[in-house]
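Following: one structure in structure tokens, then a few remarks.
All values reported here derive from a predicted model rather than from experimental measurement. Order of the sequence lines sets the chain letters (A, B, ...), proteins ahead of strands, with each chain counted from 1.
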4 protein chains.
Amino acid sequence: MTVAKTRVASHNIEGARKAVEHLGWQQAVDDWREITRADDIDLVDIVTPTNTHAEIAIDALEYGKHVLCEKPLAASPADAARMYHAAQEAGAIAQAGFNYRSWPAVDAARQIIDTGILGRVLGFRGQFLHDYALDEAMPVSWRLRRARAGGGAVTDIGSHMIDLARYLVGDVERVLARSTTFYPRRPVSSPDGDDLVDVDDATDLLLEFGARRPGHILVNWMMAGHKMEVGFEVYGTHGSIRFSWEENSGRLWLHQRNDHGPANGFASIVLGPQHGDYQAFWPLPGVGLGLAESYVIQAARLLKAILQGDPAGPSFLDGLRVAEVVDAAIRSADHGEWVTVDRHTAGRARVGSGRPASRS
Amino acid sequence: MTVAKTRVASHNIEGARKAVEHLGWQQAVDDWREITRADDIDLVDIVTPTNTHAEIAIDALEYGKHVLCEKPLAASPADAARMYHAAQEAGAIAQAGFNYRSWPAVDAARQIIDTGILGRVLGFRGQFLHDYALDEAMPVSWRLRRARAGGGAVTDIGSHMIDLARYLVGDVERVLARSTTFYPRRPVSSPDGDDLVDVDDATDLLLEFGARRPGHILVNWMMAGHKMEVGFEVYGTHGSIRFSWEENSGRLWLHQRNDHGPANGFASIVLGPQHGDYQAFWPLPGVGLGLAESYVIQAARLLKAILQGDPAGPSFLDGLRVAEVVDAAIRSADHGEWVTVDRHTAGRARVGSGRPASRS
Amino acid sequence: MTVAKTRVASHNIEGARKAVEHLGWQQAVDDWREITRADDIDLVDIVTPTNTHAEIAIDALEYGKHVLCEKPLAASPADAARMYHAAQEAGAIAQAGFNYRSWPAVDAARQIIDTGILGRVLGFRGQFLHDYALDEAMPVSWRLRRARAGGGAVTDIGSHMIDLARYLVGDVERVLARSTTFYPRRPVSSPDGDDLVDVDDATDLLLEFGARRPGHILVNWMMAGHKMEVGFEVYGTHGSIRFSWEENSGRLWLHQRNDHGPANGFASIVLGPQHGDYQAFWPLPGVGLGLAESYVIQAARLLKAILQGDPAGPSFLDGLRVAEVVDAAIRSADHGEWVTVDRHTAGRARVGSGRPASRS
Amino acid sequence: MTVAKTRVASHNIEGARKAVEHLGWQQAVDDWREITRADDIDLVDIVTPTNTHAEIAIDALEYGKHVLCEKPLAASPADAARMYHAAQEAGAIAQAGFNYRSWPAVDAARQIIDTGILGRVLGFRGQFLHDYALDEAMPVSWRLRRARAGGGAVTDIGSHMIDLARYLVGDVERVLARSTTFYPRRPVSSPDGDDLVDVDDATDLLLEFGARRPGHILVNWMMAGHKMEVGFEVYGTHGSIRFSWEENSGRLWLHQRNDHGPANGFASIVLGPQHGDYQAFWPLPGVGLGLAESYVIQAARLLKAILQGDPAGPSFLDGLRVAEVVDAAIRSADHGEWVTVDRHTAGRARVGSGRPASRS
């Protein structure tokens, strides 16, 4: 392999050129195969519309590249399964871009659950609330078309929260969903565009984990006043943890039922270097991390996986598992009934850093 | 009518005597008919187990009494409908004890919705989270038996939030629920008691208001760390309001999309005398109200309804409407599918202070 | 003594009559001596301008009455000392109206300090911020004249916080103050009124407790946006507690340095019946108390002191001690230097419920 | 000038070598003159103990380098003045490392003050609270010796807040301070070390801005439970803004007295790309910034100043002005009286990006 190059591909070559200049990279091309099949490229980062992920990722994997693919992994579980199997085949590092896994509160939450101080986990609540699509004048884009995006809010932002639910509690077995499209028609973005929105603006998603444990995830991208409410709560027989980005992205809250001191409510965990591998960004607790830094952490974990064999963060199997839940949610919302999450892997799959099926 | 007396009835006469002494009232009796049928009583306050409300309330109404009945109004919509019709018949003031209607944030929320600054209301979120039943050693009481309580968390605390959803957004047309009982068996409270819990500890309740507007209510009384999370959010095309008791029971938060000043998030409404009829308790905004004071407000509204004909607060019709939603929720949870809320009133009922069926 | 009567006195007899009607009391008089010297009165509550407290209170005490006197106790330490000595002489219950002593967070704070888990107390911070006088059109009232009120913000709202500082940490030995009057002239309130404001709108007050321990109190009644920021923090070698009314009046926050669990920040104490004598208002933690209820608690403690000999809450000695600190603060602000707090009691005074001189 | 090199100097050459490796830089040297006087260096970043700043910075400036000097600029105003004059002489970019100027809340605060919506600014409050020195076992380091650090908490963390006060309100004319050293003796850090601490652990600092406007700054690095409480409030005749890092570092709060909408308290400004030059880190509001990113912003501003002549952020004149206030504070604390801030510049100095003397 020759010395690695940095290269941006886009069918819009002007856009690619601007990106190259902005990033200080080396080359702009209009055919992504000049990246996926190039000898001087080691790692491919896919940030195209969701329905194009599979073809690009599989091509890259077949040509021996490591891959970081933006979430959601694919527009269907079938595509996600093909991607996962291609990664298995290639023996490459294939990471799904669920970047909230690189947020210290999530690492701290998992650490705490693992200590057992919450007792038996009873359930999970999560929410991702935003005002992204509140403006009725926002034109139809690929994110608002099921064929290209796989779904709407439940797919785009809901997939993050489904990934966290799996990571913190375990696999989802059944779902019940209700989806709402507040504006079924929006302005077209190009003269020959379609004004139809065929995805959800909001989805209420009831989850059933193993051992019939309940969970729910509330997803809404038309919620006035919310810019970034990423929140979750895991509650058990002996305590609970909760997190809310909008309240304070640098705190995790913990309640311990058996802590018989004077404090009987939630106690704050000021996130800091003791929580995960964030030391480069905060030598001291309390100084705060930015979302952009979480992308750097994600990239660092990927590079360590490639170079040192460390765990890679959310794998393509994690991405597949999320896609299966999203697919079940969309089918449930279409029919108004509980849907069992179908597994698209044969036999017992190798599990990456995602949680094993059962964590009761 | 002779001069009114104050009297407490309980089948446990010792308990009644203690209550009389504690309250500085006049008389203890062991048969509630000595209250409902007495000439020297004007107003009956019913705080017995839910399945006994109907018989007592209807008796009181037939004997010309005004009635304040603890929520939920009845253990079944059929009972609630009988109570409602008895109140209609008697022409008496019949109030359901949904005391959060007497909380300033709720009045302020309704005022704001009525101004239209939220635009068209898109949806509702509500939650009532508590740790009431977290301890597995808590014995089975009437609240944990469907026959006596009508249901569990969804009935006991969920009914409050259903009432607020109706009050702020409008009638609920369909529901989809999932209920969980974390401890199906608990210690018995008496030698011949039953250890079976046949009600929910937690219910996720999806609502559909008129015009297919979505809502959800999360109810859970086994959630470690929560003592009193009564919260709601109403979001519209041009703004939203939210409230959380645990965050700050004296604030309502408002976001106005078209407020083009520097503040782009939620703004605080410091509750005070301008919000409703609370002046007796707070001459100035910000000084705070206690939950006990909300019961006094509720009682004051009831007395003003009796004496001056003012609106009485939540009526038996409101109580019936809530019972219908609770009943639909329980049926939905039993079958895992959407259930249309059945109306138990013939023709178009007179609506009390509850919201009319449509508020879009 | 005959059966007690309820009576309101005011030089404005019409005002007295309205108060009598509003309160459901019995009689209005225009000479307060018809209360202080009446045989059918047991307890006198003084709510007149500050400079009139001494004459009325001393008269009442000399005529055998118990007294509740609004804070600040007097417009000068000399007056406060005379009142204190009169109460000593009479052997009556003489309570100063520092009603925040009847707030559960204060009781909880004192309980926690008494356990020693904060280690050695290092210092105190307090603040009382309000917008009471922000409007430049607010006319000059007695509260804005030193002769009648004794001082401005430091006297009116600062005295509350000085009382809490003494209660939680101990007596103040020296003070250094800086006062600001933002509007030295305001509209007159009557044709022959004066437009001069000769009191402070804001005072920064540095305290020195025993053993040279530092404290500070920030008082400001022209601070836009603040309606009721009553806050304090007590920090020690091993922990600290903090309280902020505006943040959440039903929480006290505790940090314990030696709590080596995962929670490394502040933990919430959800105030409830376990904290002091508030059970009548909240059978459960978390339901919240209103400021009006704290006045009822204050009155209940007074009545229990009279009837059962219980501690009466802040005594006239506490009121005197606060007046001494306020006086020192005003002198310090006038001269810009440290001032030792003068004691206006001879010998070692009997201390009421206030803290003894040293609590290190 | 030849192609620039990256070089780390430390008298501890091993430490320098480790830093070079960690940073991916080029060369380690043990004499800082190999940096300040090198032909292949353009920019010197000084992070040594405070009392060494002047010699190094002046040398670097005399040899034609641009300089970024860690705050506080110097251990005395005299040193700071020499540094400032050297920078004037050299015509170089000389930046003081007050990195909180690169925090979006500070830019947003200044934008809001500049709009005039707060009316006439009445005063300022600020605080910097930390637990850095809480542990009595922390050995004496250079930060705890006046000769090397210039002072303690007031110098180290207080200087940040003094800089913000000047930036947001204007120059400080007089100060009154009270300092406390909780542990005057601590373990020695080396066999021949001294156990004496001769700097403050806590300082209460009263400020007087122009037109006698009041301010105060509370500094404490022995406050249990605080990791990073950087907070300020600017209040005016028509509104106020406040910020608290520990509450939420991504929010600024605004109250507008004349906003007659329903919201009467503080409204949240969700910080985002519209506030200053942070777009590289957050394309959307609400995603949050980390403290480490503020150092990158600071460096970017410095580079833009060097390369494009943009404003450089806090200049050596700003650093000098802060040093003058710190010096006055230390003298005031030593004598317990108001001290006028001495100016160490002759004539009217060119003002960098700091605020002019008067901003009323």
Side-chain angles (χ1 to χ4, degrees), chain A residues 22-24 47 99-100 102-105 128-134 156-157 160 221 223-231 243-251 263 267-275 278-297 300, chain D residues 22-24 47 99-100 102-105 128-134 156-157 160 221 223-231 243-251 263 267-275 278-297 300:
Chain A
H22 180 69
L23 295 167
V47 296
N99 63 290
Y100 293 100
S102 305
W103 195 252
F128 201 136
L129 310 177
H130 211 284
D131 68 356
Y132 164 73
L134 182 59
D156 193 43
I157 55 180
H160 278 300
W221 67 21
M223 209 150 184
H226 289 292
K227 278 296 170 198
M228 180 80 171
E229 174 48 4
V230 175
F243 174 76
S244 161
W245 189 284
E246 287 189 343
E247 183 183 359
N248 193 320
S249 62
R251 298 276 185 282
S268 59
I269 300 173
V270 181
L271 296 166
Q274 67 272 42
H275 304 110
Y278 304 92
Q279 289 77 359
F281 292 107
W282 48 16
L284 297 168
V287 304
L289 210 70
L291 186 65
E293 291 171 322
S294 76
Y295 288 97
V296 181
I297 303 280
Chain D
H22 180 68
L23 295 167
V47 295
N99 62 289
Y100 293 99
S102 306
W103 195 252
F128 201 135
L129 310 177
H130 211 283
D131 68 355
Y132 164 75
L134 182 59
D156 192 43
I157 55 179
H160 278 299
W221 67 21
M223 207 148 188
H226 290 291
K227 278 296 169 197
M228 179 82 172
E229 176 45 6
V230 175
F243 173 75
S244 162
W245 189 285
E246 287 188 343
E247 183 183 359
N248 192 322
S249 63
R251 298 276 185 279
S268 59
I269 299 174
V270 181
L271 296 165
Q274 68 272 42
H275 304 110
Y278 304 93
Q279 289 77 359
F281 292 109
W282 48 17
L284 296 169
V287 304
L289 211 70
L291 186 66
E293 290 171 321
S294 77
Y295 288 96
V296 180
I297 303 280

(request) Quick one: pull up CD in D/Glu247 and CG in A/Asn248 and give me the separation to the nearest 0.5 Å. (result) 8.5 Å

(request) Over 60° means perpendicular and under 30° means parallel, so classify the ring planes of A/Tyr100 and A/Trp245, tilted if in between. (result) perpendicular

(request) Could you look at A/Glu246 and say if it's the side chain, the backbone, both or neither that has a heavy atom under 4.5 Å from chain D? (result) both

(message) Looking at chain D, which one of A/Val230, A/Leu291, A/Leu284, A/Val270 has the largest number of heavy-atom pairs inside 4.5 Å, strictly under?
(response) A/Leu291

(message) Between D/Gly272, D/Gly225, D/Gly286, who has the most heavy-atom pairs with chain A when the cutoff is under 4.5 Å?
(response) D/Gly286

(request) Could you tell me whether a side-chain N or O of D/His160 sits under 3.5 Å from a main-chain N or O of D/Ile157, the two making a donor and an acceptor? (result) no

(message) Tell me every residue that passes ring pair (Phe, Tyr, Trp, His ring centres under 6.0 Å) with D/His226, counting only those two or more places apart in sequence or in another chain.
(response) C/Phe266

